[in-house]
Amino acid sequence: MTPATTEDTVTTQTSNNPPKDKLVDMLYQMMLIRRFEERTMQAYQQAKIGGFCHIYIGQEATAVGAVAALVHDDPIITAYRDHGHALARGMHPNYCMAEMYGKVTGCAKGKGGSMHMFDKANHMYGGHAIVGGQCPLGVGLAFAIQYEKKNNVAVCFFGDGAINQGAFHEAMNLAAIWNLPILFVVENNGYSMGTAISRGTAAADNLGAKAAAYGMRYAECDGMDVLDTYNVFKREGDLSRGSTSDQLGLEQKGGGPCFINARTYRYQGHSMSDPQKYRSKDEVNDKKDKDCINTLVGHLIDNKLATQQQIDELDKKAKQASRDAIDYAEKSPDLPMSEMFTDVYAEPYGPPYVKGGMPKMITDNNSGE
Amino acid sequence: MQTIQYREAIREAMEEEMRLDDRVFLMGEEVAQYNGAYKVSQGMLDEFGPRRIVDSPISETGFSGLGIGAAMYGLRPIIEFMSWSFCLVAADQIINNAPKMLYMSGGQFGCPAVFRGNNGAGGQLGSTHSWCVESMFASVPGLKLAVPSTPRDAKGLLKTAIRDADPVFNLESERMLGLGARGDKDFSRYIKDTWAPPTTKQDEDFTIPFGVADIKKPGADVTIVAAGRPVHFALDAAEELEKEGIDCEVIDPRTYRPLDIDTIVKSVRKTNYCVVVDQSWPFASVGSEIAAQVYEHAMDDLDNKVIRVNNDDIPAPYNRTLEQEMLPNTKKIIDAVRAVTYSA
Ligand SMILES: Cc1ncc(C[n+]2csc(CCOP(=O)(O)OP(=O)(O)O)c2C)c(N)n1
Ligand SMILES: [Mg+2]
């Protein structure tokens with residue numbers, strides 16, 4: 001572990017593992033994402049899914065551990081590698097898959113696709129496709145939390161490549177000067193496309209220095225260990241939650257923003273078309289030895305929190321849910337031509353806005369089918 | 001006749017100019033070790049080394065601004081955007097700095113840099129990744145805008161761009177990179193020079209000047225103006241319409257800035273009908289500009305209004321069917337030609 005540069009920005013490890021039921025649920029979430037993504041890749045290869053598609057396999061523990069440590073109405077936002085966050089946040093797999101099929105039953109009616117998983121009911125503020133573009137938006141979510149004097153924390157995920165965007169640095173600075181309740185989370189999988197982080201990012205082995213530069217708390221977690229991830233997010237989330245700033249006319253309180261370095265690894269290529277010449281098979285296999293699902297299964301068995309039979313059942317359930325999602329997407333109607341010009345404006349000629357035309361999953365109250 | 005892909009034509013243009021001029025370098029994301037995200041710069045690191053083929057992190061503001069500064073100092077940068085959709089984070093650099101430097105400095109510092117990359121819908125990439133930037137940038141004085149539609153134009157225009165003393169935006173297209181490969185429909189019966197440029201051996205100095213439109217297909221009945229990828233939709237439409245006895249003239253301006261309005265007007269004077277196709281959005285588009293100039297110069301020669309064919313006026317949808325429908329496709333052009341010539 002790399003120490004941060006100043007003493008007082010280093011936070012120390014505490015462990016307060018969640019209760020058994022929650023642990024089992026976290027395992028299921030990770031299994032669901034894995035099986036879902038396997039189906040996604042198949043569907044992509046069959047040309048049922050188009051455009052750019054980025055697979056989350058290997059990184060499941062980061063989204064699942066982080067989200068498990070939040071309360072449901074803590075807003076989250078992420079980049080284009082977003083299926084895992086959507087599912088962890090509770091989006092029904094049917095709606096996630098239908099979106100990639102371009103179906104009207106998708107979470108964005110098939111208008112967004114793989115890179116744009118939005119789910120208002122589950123406080124998922126979207127997947128965003130321009131690298132770093134969601135960082136200022138995350139700051140906006142945190143600003144709104146503070147403005148409304150809510151006791152929430154915003155979580156803004158991004159890849160290690162986004163650290164090299166100007167938007168990231170401006171976002172960090174704004175969050176720091178206004179003591180905003182936000183966790184900036186770099187899902188540090190070591191590569192942006194074919195560029196190893198050490199080639200693209202200055203001081204790549206000391207990301208704590210980035211936080212220190214903005215006087216911000218810094219923490220690291222093993223993003224392939226869901227318990228470590230959970231604990232770090234719980235601790236840092238609670239410190240940031242409900243932070244306010246006297247600069248914005250409120251009583252100064254709370255720990256403000258935190259920058260979390262979640263070290264993880266993607267097993268698949270950057271997107272569905274990546275020959276991966278920049279890394280060796282051995283490297284990938286070494287990382288797979290520390291697989292997040294196997295690690296949690298080991299923990300549950302060793303501590304007699306679950307039996308192998310229960311675990312097999314869970315995996316069966318995850319497989320079934322993923323098959324069902326494909327089935328649902330296949331059978332759903334295409335986005336109709338009549339939707340071509342809807343959603344461009346809420347109301348082209350101004351208020352009053354008559355609410356309507358929300359995605360099916362919202363009107364269904366997100367219950368799935 | 002050699003067959004050469006559009007991507008290879010771009011590569012040849014860069015390689016030839018880099019061999020001639022040490023001041024020329026290429027910088028962008030994944031251009032070196034990865035051999036280009038779209039294999040445009042394949043092999044260039046091997047030939048020119050890491051001094052001249054430079055991998056940049058995902059820092060468009062940084063590396064496009066770097067290109068401008070280096071150009072002011074005397075270098076000849078080629079800055080690659082993986083996609084023009086990603087240039088927007090660097091808007092201040094490329095539209096506030098590059099095109100204004102010469103004027104602001106009273107002629108002391110110019111910006112002889114080329115910015116290039118994929119423009120237009122790549123295929124279900126969603127609304128942030130499907131930008132067509134020509135209309136947005138065409139209204140900025142000080143920059144030049146090239147929109148090559150064939151491997152030949154791609155090579156000739158890019159070589160001119162690299163030699164040009166002003167900032168040039170070269171708009172390529174992911175959907176055209178493989179164009180020109182063997183087996184591709186090449187419309188050679190229409191195109192006088194064929195699609196392929198001369199090889200390095202044949203002509204190291206092959207360039208295509210800016211501001212000279214190319215008549216991609218001569219015809220008598222109606223003028224279709226199109227640049228970039230829509231040229232191919234227009235040629236497809238012309239082929240269809242020929243069966244109905246409508247003989248289309250397809251004019252490719254090749255550069256929007258400078259714009260060869262004379263060739264367009266000359267054609268309209270002959271055919272008396274005009275359809276303008278462009279792949280950006282209709283409101284205040286390059287197509288609107290061409291239509292306006294046609295009215296200004298050839299009002300009396302027109303036997304009907306000018307019809308514009310654009311993207312529909314919406315963000316690009318992900319759904320495949322809707323995306324196809326929103327683009328300025330062949331069917332829309334055929335409909336427009338029928339309507340404008342009163343043959344609908
Ligand atoms: C501004 C911008 N430039 C370039 C791209 C193209 N692009 C998409 S993803 C990517 C790599 C990002 O890597 P990282 O941030 O580490 O995320 P990861 O893919 O590892 O999850 C690049 C270069 C983009 N989407 N936006
Ligand atoms: Mg990465």
Side-chain angles (χ1 to χ4, degrees), chain A residues 47-53 80 99-104 106 108-116 127-133 159-168 192-197 199-202 270-271 273-278 334-337 339-345, chain B residues 28-39 42 50 54-65 81-93 121-131 174 281 283 311-327:
Chain A
K48 305 272 186 180
I49 297 174
F52 289 150
C53 188
Y80 45 82
E99 183 58 31
M100 291 192 266
Y101 270 62
K103 298 299 180 79
V104 71
K109 302 183 193 167
K111 290 182 171 182
S114 161
M115 303 195 286
H116 302 293
H128 295 267
I130 298 296
V131 170
D160 44 290
I163 298 175
N164 310 320
Q165 276 286 324
F168 162 78
S192 50
M193 286 189 76
T195 303
I197 184 169
R199 285 208 297 135
T201 302
H270 166 71
S271 66
S273 54
D274 175 3
Q276 300 182 61
K277 292 197 182 124
Y278 50 84
D334 213 19
L335 176 62
M337 227 30 112
E339 284 276 3
M340 186 99 149
F341 293 92
T342 62
D343 303 316
V344 179
Y345 296 96
Chain B
E29 290 153 26
E30 311 291 351
V31 295
Q33 292 189 19
Y34 200 86
N35 274 311
Y38 296 95
K39 302 287 168 260
Q42 186 145 35
V54 188
D55 271 334
S56 163
I58 316 170
S59 307
E60 284 83 359
T61 298
F63 68 77
S64 57
F81 293 120
M82 198 178 279
S83 151
W84 276 97
S85 291
F86 310 147
C87 82
L88 299 179
V89 300
D92 182 59
Q93 294 302 328
Q124 289 197 275
L125 300 186
S127 50
T128 65
H129 275 44
S130 303
W131 266 97
E174 183 185 335
W281 289 267
F283 199 97
N311 273 343
D312 286 335
D313 197 16
I314 54 170
Y318 164 76
N319 176 282
R320 195 191 313 256
T321 317
L322 265 70
E323 187 192 40
Q324 283 309 313
E325 183 57 30
M326 74 82 77
L327 297 173

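This one's a predicted model, so the numbers in the text were calculated from it and none came from an experiment.
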Review point. If you round to the nearest 0.5 Å, how far is CE of A/Met337 from CG of B/Leu322?
Key: 5.0 Å
**Study point:** Selection from A/Gly200, A/Gly194, A/Pro336, A/Ser114 maximising heavy-atom pairs under 4.5 Å formed with chain B
**Key:** A/Gly194
Check your understanding: What's the shortest heavy-atom distance between B/Ser59 and A/Asn164, and which atoms?
Key -> OG-O, 2.5 Å
Review point. Is the closest side-chain heavy-atom distance between A/Met193 and B/Glu29 below 4.5 Å?
Key: no
Exercise for review: Flag the one option from A/Phe168, A/Phe341, A/Tyr278 with the top tally of heavy-atom pairs under 4.5 Å to chain B.
Suggested key: A/Phe341
Point to revise | Max heavy-atom pair count under 4.5 Å with chain B, selected residue of A/Ala167, A/Gly161, A/Ser273, A/Gly166 | key: A/Gly161
Review point. What distance do A/Thr195 atom OG1 and B/Tyr34 atom OH have between them, rounded to the nearest 0.5 Å?
Key: 9.5 Å
**Study point:** pair A/Lys103-B/Asn319: side-chain heavy atoms closer than 4.5 Å
**Key:** no
Review point. Side chains of B/Asn35 and A/Lys277: does their closest heavy-atom pair fall under 4.5 Å?
Key: no
Exercise for review: Of all the heavy-atom pairs spanning A/Ser192 and B/Ile58, show the shortest one and how long it is.
Suggested key: CB-CD1, 3.8 Å
Check your understanding: Where does B/Gln33 contact chain A at under 4.5 Å (heavy atoms): side chain, backbone, both or neither?
Key -> side chain
Review point. Who among A/Lys111, A/Gln165, A/Met100 has the most heavy-atom pairs with chain B under 4.5 Å?
Key: A/Gln165
Practice item. Please look at B/Ser130 and chain A and tell me whether the side chain, the backbone, both or neither of the residue comes under 4.5 angstrom of a heavy atom of that chain. Key: neither
**Study point:** Spacing of CZ belonging to B/Arg320 relative to CG belonging to A/Leu335, to within rounding of 0.5 Å
**Key:** 13.5 Å
**Study point:** Spatial distance of atom NE2 (A/His270) from atom CD (B/Glu30) [nearest 0.5 Å]
**Key:** 8.5 Å
Check your understanding: In terms of heavy-atom pairs under 4.5 Å with chain A, which of B/Leu125, B/Leu88, B/Thr61 leads?
Key -> B/Leu125
Check your understanding: So, do A/Thr201 and B/Pro57 sit near enough that their side-chain heavy atoms are less than 4.5 Å apart?
Key -> no
**Study point:** Greatest number of heavy atom pairs closer than 4.5 Å to chain B - which of A/Ile130, A/Ile49, A/Val131
**Key:** A/Ile130
Point to revise | Contact class of A/Met115 relative to chain B, heavy atoms under 4.5 angstrom | key: side chain
**Study point:** Inter-residue atom distance B/Tyr318.OH - A/Tyr101.OH, 0.5 Å rounding
**Key:** 9.5 Å
